[in-house]
Enquirer: 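This structure is in C-alpha cells; I'll ask about it shortly.
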Amino acid sequence: DVVLTYSSWLPWTHPVNTAIYIPWMEGIEAASEGRITFKRLPKPVASPPAHLDAVRTGQADVAFAVHGYSRNQFTPYIFGEFPFLGDSAKASSIAFQRTHDKFLSEMDLYKGVHLIGVNLHGPGQVHHSKMNMTKPADFEGQKIRTGGPVPLAIVEAWGGVSIRQPAPKSYEILSSGIADGITFPFESLPSFKITELVPYTTTMPGGWYNSSHYLVMNKRAYDGLTDEDKAVVDQFSGEAYAALAGGGWDEINAIGLEAANAAGNSIVEASEELKTALSELNDTFVADYIKEAEGFGLNGQEVIDYFKAEAEKAGSM
Amino acid sequence: MIEALTGLAVLLILAFLRIPIAIVMILVGTAGMAWVLNPEGALYNVGQTAYDAAINYELSVVPLFVLMGNLVARAGLAGQLYTASNAFLGHRKGGLAMATVVACGGFSAICGSSLATAATMSKVAMPSMRRFNYSDRLATGSIAAGGTLGILIPPSVILVIYGILTQQSIGKLFAAGVIPGLLGVLLYLAAVRFVTWRRPEEGPAGERTDWSERMRALGQVWGVILLFAIVMGGIYGGVFSPTEAAGIGAMGAFAFALLRRALTWSILKDILLESVETTAMLFTVLIGALLFANFINYTDFPQALLAFAAQFADRPWLVIMAILAIYVLLGCVFESLSMILLTVPIFFPLVRDLGYDPIWFGIVVVVVTEISLITPPVGLNVFVLRGVLPDVSTGTIFKGVTPFWVADIFRLALIVAIPALSLWLPSFVV
Amino acid sequence: MDLSHNQPVAGNVRGLGAASAVLSWIACIVLFGMMLVTFADVVGRYVFLSPLPAAYEMISLMMPAIIFCAMPITVLREGHVTVDLLDSFMSRGTARIQGVVVNIVSACALGLLAWRLGVKARDDYVYETITDELLLLIWPVGAAMVVLCAIAALAALANAWAYATNPPLHKAS
Ligand code: NA
Ligand code: NA
C-alpha cells in the first residue's frame, strides 16, 4: 500500500481544499480500495511558489500550484490569466485542459514531475469599498490590491494604484483603508472574510481576469505505483481533474456570490464603456502573448482560438 | 510519535552541551526530516526553507522594529521617561524601583524588544538607584522584569511573529497586549512594594519633587507619546500596515535622534551594526526553528497530539494547563524566539480546535515568553543586565527577579482566567 | 540587544575579520535603505498617489542581504544564543575542547545551509525563475547567499582554530 504526502499552502479548511482537493484525494482513496492513501501535512512544506519544486524534489508527493508563480517556465499558459475566458470555471477548465493536451503536453514543461491536470479558477471580479466602477476613469487614484500581472496592468493602465500585499492580508488592508478595493473571484469574499468590507462589485462578463492552476505528483512516486494504481490516478487526471476542479470553483464562487447578495452588496455588471476599454487592453495582452509564444514555437492566436472554441463546446454540454 | 520525541530529546541534549540553539535546530531538523521523509527531500527542504525565510517581505518588520528600538535607545527618550516617573514616585519607599518599572512600561510603547528595553533602562535607571543605595537585587530585578514588558506592550517583534505564524491580525494582537501590559506594570509595582515592606533597606526613599518640577518632567516625555501615537495611530487609522509601521517607526525614531543631536556617524554606525547583528542572529534561529517544525510536520506527532487533546474536549482548560506547564518548563531553557517558533506551530491548532480565541492565546504565549526571559538558568534579560553591569552576579539578579516572577505567574493566571483582559480592546479594532 | 559583544574570537585570521567587517557595513547600509524604502513607499502612496514601484519586491530582496551579510560577523563574535548551564562545572581545558567542537558543529550547519542554498540557486538558474514584479532572474540573489553563508561557515572554522591554538580569553569572566 502507498501513502502519498500532500502539501497544501492553503489551510485545510479553505473552500478550495474542501470542494476540490480533499474530494480528489478521497476519490482516489475509494477507487483504489484503500491501496492509496493520502497523508495531509498539517502545514505546507514550503512557500506557495515553491510547491512545484517541493514536489519535484520529494519534499511532498502531491501539491497544487499556480502557473503564474513560475512565469518563465509556464509562459505558454499565461493566456489563462486573461479577461473574458468565461463565466463557467468548469467549461473553461475543460477547454484549458484540452488546449494543454493539444498544444502544450509535448513541450516537457513539467520537468521532473507528473502532471495530473490543469484548471482555471473562474472569473475574477473587481470589488470596491465605496463604489461600483462605471468607467475607466473611476479607477484613477484608487488603491486596489491586485495579484498577478493582468489585474495590475488594468489598474495601472487606468490610473489606479496597485497595492502589493499577500492575499491573507486582504482583511487587514481593506479594513484599515490601506486599499480601497481588491480583485478576486467571488469565492475569496467569504473565505477572506471581506464580504462586508467591499460592498460594491463590478462584474465583467467572462471575468476581468482569470488564474490557471495545476496539480502535480512527484515523478518517482507516480512511477513507483503499480499499473493498477496508476490507472486509478489516471482516472482522476486530465479532463476528469479539470472538470472536478473547475466544477468545484463554480460551486465555491457561487457560494461567494450568494454571501455578497445576502450581505446586500451592490453587484453591477460593467458598463459598455468598461467592456470596450478592457477589450482594448485585452488586445494588447493577446498581442504580447502571441509574441512570447513564438519563442516556444507556438502560434499563440491558434492556441487562444482553440481554447475559445473548446470552451464554447464544453459550456454547451 | 517516536521520531518527534527522539528529535526533541536530542535537541535538548545538544542545547545543554552549549551548541547554539539555532545550529542544533538546523541539524536535528534536517536529520529528522531525512529519517521521517527521505534524505533527498530533506536536503532540498533545507535550501528552500532558508531561502523562504530570508527572501520575505513580511519578516522585514523584524530588522525594522529592532532598528527602531536601538534608535530610541540612543535618542535620550529613556532618560526623560525615567526622570518623569521618578519625579512622581521617587520619594516613596522603593520609589526608584517603581519609577524604573513605570519607565520600562513607557519605553515598551516605543520599543518592540524586551532585551533592548532592559539594556536601555539599565543604563538610565541603575546609576540613580546605586546613588540612593538600592540593593543590587531590587535594582536589577526591577530592570530585568520591567524590560520583559517590551514584547507585550505594542509594538512587539514577538507578537508580529506570532501573527505571521498563525495568520492573525497584527493590529488586533497589538491592541490585545495593552491591558495585560499595564496589568504587568501594576503587579510589578506591587512586587516592589512587597520587597520594601519586608526589607525596607533594599529600597530607601529618594528625593521628593515638587509639582511644578513634576509637570515639567512630564512635559518632556512628549517624544515618546508622539512616536507611539504615530506608529499606533498609523496602524489603527489605516494609514499603513503593521509591516510598514516598523519602517515608519524606525524613520520616526531616526528623526528624533537627529533632532536631539544624539547621532554622530559613529553612533549611527553602532546602532545599525547592532541591529543587523541581532537580525542575523534572529534569522539563524528562525531558519533552525522552521526546519525543526518541518521535521515535526512530517511526523505523526501533530495528529497524535490533536487526537489526544480531543479526549479533553469537554474539559479544554486541562489542555491549557498542560500547555502552560510545558511553556514554563521550556521557558527555563529556551530564549523567547526559539520557544515561540518551536511551540506555536504545534500548540496553535490544538488550542484553536478547542475553541479558544487565537488572539487571547497569542497574549498568553507572549506572557509565558516574558516569564522565560527571567527564569533561570537561561534568562536572556538577566544576561543582558550581566553584560551591562559586569559587577553584579547572575545569582544576585535571579534572586532579585524572584518577586517579579511570582507577580508574573499571578498575572498569567489572571490573563488565562479572564480572557476579556486581552480581548476587550481588540474588539474595537475592525 | 548587545547580548554578546564578546571580543572577536578569530577576527585576526587572515582577512576574515576585515571581510566580515566590510560585509556588516553593507548590511547596515541595506538596513538603512530598507527603512527609507518603506517610508518612501507610504509617503508616495498618499502624497503622490503612487507608491514606490516594486517596493514590496525591493524589501523582500533587501532582507537576505541584511541577514547574510551580517552573518559572518555574528559568527566571529559567537553571538548566538546558547545554554550555558554547565559552564561553571567546566575546567579551562574542557571549555577549550568545547569551543572547538561547538564551532566545528556550527561550521557544519552553516556549510549545510550554503550547500543547499547553492543547489537551490542552481535550480533557479536552470528553470530561469524570475521575480513577480520586476521579472528579475532570482538566481544571483541565491548565489550571493551561498557565498556569504560559506564565509560564515569559514568564520566558524576559524573560531575552532583559534580555540584549538589559543586559550579562550573572552571566557575569563
Ligand atoms: Na513594545
Ligand atoms: Na529562561
Side-chain angles (χ1 to χ4, degrees), chain B residues 15-23 26-27 30 43-44 46-48 50-51 54-57 59-60 63-64 66-67 69-70 113 115-116 119 239-240 244 246-248 250-251 254 269 272-281 283-285 287 333 335 338 377-378 380 383-384 387-388 390, chain C residues 1-5 24-25 27-32 34-39 41-42 46 56-57 59-64 66-71 73-74 77 79-87 98 101-102 105-106 108-110 112-113 115-120 138 141-142 145 149 173:
Chain B
F16 270 100
L17 293 176
R18 215 175 187 288
I19 299 172
I21 288 165
I23 300 295
I26 292 172
L27 294 173
T30 311
L43 286 172
Y44 274 100
V46 173
Q48 188 65 52
Y51 180 92
I55 304 186
N56 193 313
Y57 170 79
L59 287 172
S60 66
L64 289 171
V66 169
L67 174 62
N70 287 335
S113 132
L115 302 187
V239 184
F240 39 71
E244 294 163 338
I248 304 293
M251 194 70 193
F254 176 65
K269 205 188 83 187
L272 288 167
L273 204 57
E274 211 171 302
S275 307
V276 297
E277 278 185 42
T278 304
T279 303
M281 187 191 84
F283 274 80
T284 321
V285 171
I287 291 169
V333 187
E335 52 73 45
S338 36
V378 184
L380 283 198
F383 292 176
V384 166
V388 185
Chain C
M1 282 204 200
D2 36 14
L3 236 193
S4 53
H5 283 199
S24 67
W25 294 339
C28 290
I29 293 167
V30 177
L31 174 60
F32 195 78
M34 195 160 91
M35 176 182 86
L36 294 178
V37 168
T38 311
F39 182 73
D41 185 34
V42 172
Y46 290 97
Y56 182 92
E57 202 161 289
I59 290 172
S60 310
L61 295 176
M62 288 167 121
M63 288 292 290
I66 296 170
I67 298 162
F68 285 95
C69 284
M71 207 172 260
I73 206 156
T74 52
R77 294 191 184 202
H80 291 288
V81 176
T82 56
V83 180
D84 54 1
L85 189 59
L86 304 175
D87 278 19
Q98 191 211 33
V101 172
V102 163
V105 173
S106 300
C108 291
L110 292 167
L112 172 72
L113 288 186
W115 170 38
R116 297 319 302 183
L117 282 166
V119 173
K120 163 89 182 129
I138 194 79
V141 177
M145 283 156 73
C149 202
S173 67

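So you know, we letter chains A, B, ... as the sequences are listed, proteins then strands, and number each from 1.
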Enquirer: Would you give the length of the straight line joining atom CZ of C/Arg77 to atom OG of C/Ser24, rounded to the nearest 0.5 angstrom?
Expert: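 Between atom CZ of C/Arg77 and atom OG of C/Ser24 there are 7.5 Å.
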Enquirer: I'd like to check the side-chain hydrogen bond (donor to acceptor under 3.5 Å, both in side chains) partners of B/Tyr57; sequence neighbours left out, ordered by chain and number.
Expert: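 For B/Tyr57 the side-chain hydrogen bond (donor to acceptor under 3.5 Å, both in side chains) partners, ignoring immediate neighbours, are A/Gln165.
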Enquirer: Chain B heavy atoms under 4.5 Å from C/Val105: which part of the residue, side chain, backbone, both or neither?
Expert: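 Looking at C/Val105, backbone and side chain both touch chain B.
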Enquirer: In terms of heavy-atom pairs under 4.5 Å, which option from B/Leu64, B/Ile26, B/Leu272 contacts chain C the most?
Expert: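 Greatest number of close heavy-atom pairs with chain C: B/Leu272.
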Enquirer: How about C/Met71 and C/Leu110: do any of their side-chain heavy atoms sit closer than 4.5 Å?
Expert: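 Sidechains of C/Leu110 and C/Met71: in contact.
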Enquirer: Does any backbone or side-chain atom of B/Leu273 lie under 4.5 Å from a heavy atom of chain C? Answer side chain, backbone, both or neither.
Expert: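 The answer is both parts of B/Leu273.
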Enquirer: Heavy-atom cut-off 4.5 Å, strictly under: side chain, backbone, both or neither for B/Tyr44 against chain C?
Expert: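 For B/Tyr44, backbone and side chain are both near chain C.
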Enquirer: Please round to the nearest 0.5 Å and tell me the distance separating atom CD1 of B/Ile19 and atom SG of C/Cys108.
Expert: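 The distance works out to 10.0 Å.
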Enquirer: Looking only at heavy atoms and a cut-off of under 4.5 Å, which of B/Pro63, B/Ala54, B/Gly47 has the most pairs with chain C?
Expert: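 Top option by heavy-atom pairs under 4.5 Å: B/Ala54.
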Enquirer: Please state whether the side chain, the backbone, both or neither of B/Ile287 comes within less than 4.5 Å of a heavy atom of chain C.
Expert: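 Just the side chain, heavy atoms under 4.5 Å.
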Enquirer: Any chance you could measure B/Thr284, atom OG1, to C/Leu113, atom CG, to the nearest 0.5 Å?
Expert: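 CG of C/Leu113 is found 8.5 Å from OG1 of B/Thr284.
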Enquirer: For C/Leu36, which residues count as a side-chain contact (heavy atoms from CB on, under 4.5 Å) partner, sequence neighbours excluded?
Expert: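 C/Leu36: side-chain contact (heavy atoms from CB on, under 4.5 Å) contacts with B/Met251, C/Phe32.
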Enquirer: As an exercise: rank C/Cys28, C/Ala70, C/Ala27 by heavy-atom pairs under 4.5 Å with chain B and give me the winner.
Expert: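 Most pairs with chain B among the choices: C/Cys28.
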Enquirer: Given the options C/Trp115, C/Tyr56, C/Trp25, which has more heavy-atom pairs under 4.5 Å with chain B than any of the others?
Expert: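 Of C/Trp115, C/Tyr56, C/Trp25, C/Tyr56 has the most heavy-atom pairs under 4.5 Å with chain B.
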Enquirer: Rounded to the nearest 0.5 Å, what's the gap from CD1 on C/Ile67 to CG on B/Asn56? Could you check?
Expert: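 It comes to 8.5 Å.
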Enquirer: If you tally heavy-atom pairs under 4.5 Å against chain B, which of C/Thr38, C/Leu31, C/Ile59 wins?
Expert: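 Greatest number of close heavy-atom pairs with chain B: C/Leu31.
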Enquirer: Taking the side chain as every heavy atom from C-beta outward, state whether C/Phe68 and C/Leu117 have any pair of such atoms under 4.5 Å apart.
Expert: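 Counting from C-beta outward, C/Phe68 and C/Leu117 do come under 4.5 Å.
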Enquirer: Between B/Ala250, B/Gly69, B/Ala246, B/Ser275, which has the largest tally of heavy atom pairs under 4.5 Å with chain C?
Expert: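 Going by pairs under 4.5 Å, I would pick B/Ala250.
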Enquirer: Non-hydrogen atoms of chain C under 4.5 Å away: do they reach the side chain of B/Ile55, the backbone, both or neither?
Expert: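 Both backbone and side chain.
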Enquirer: Using non-hydrogen atoms and a 4.5 Å limit, figure out which bit of C/Val141 sits close to chain B: side chain, backbone, both or neither.
Expert: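 Just its side chain gets close to chain B.
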Enquirer: With a 4.5 angstrom heavy-atom cut-off, could you sort out which part of C/Met145 is near chain B: side chain, backbone, both or neither?
Expert: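 When you check distances to chain B, only side chain atoms of C/Met145 fall under 4.5 Å.
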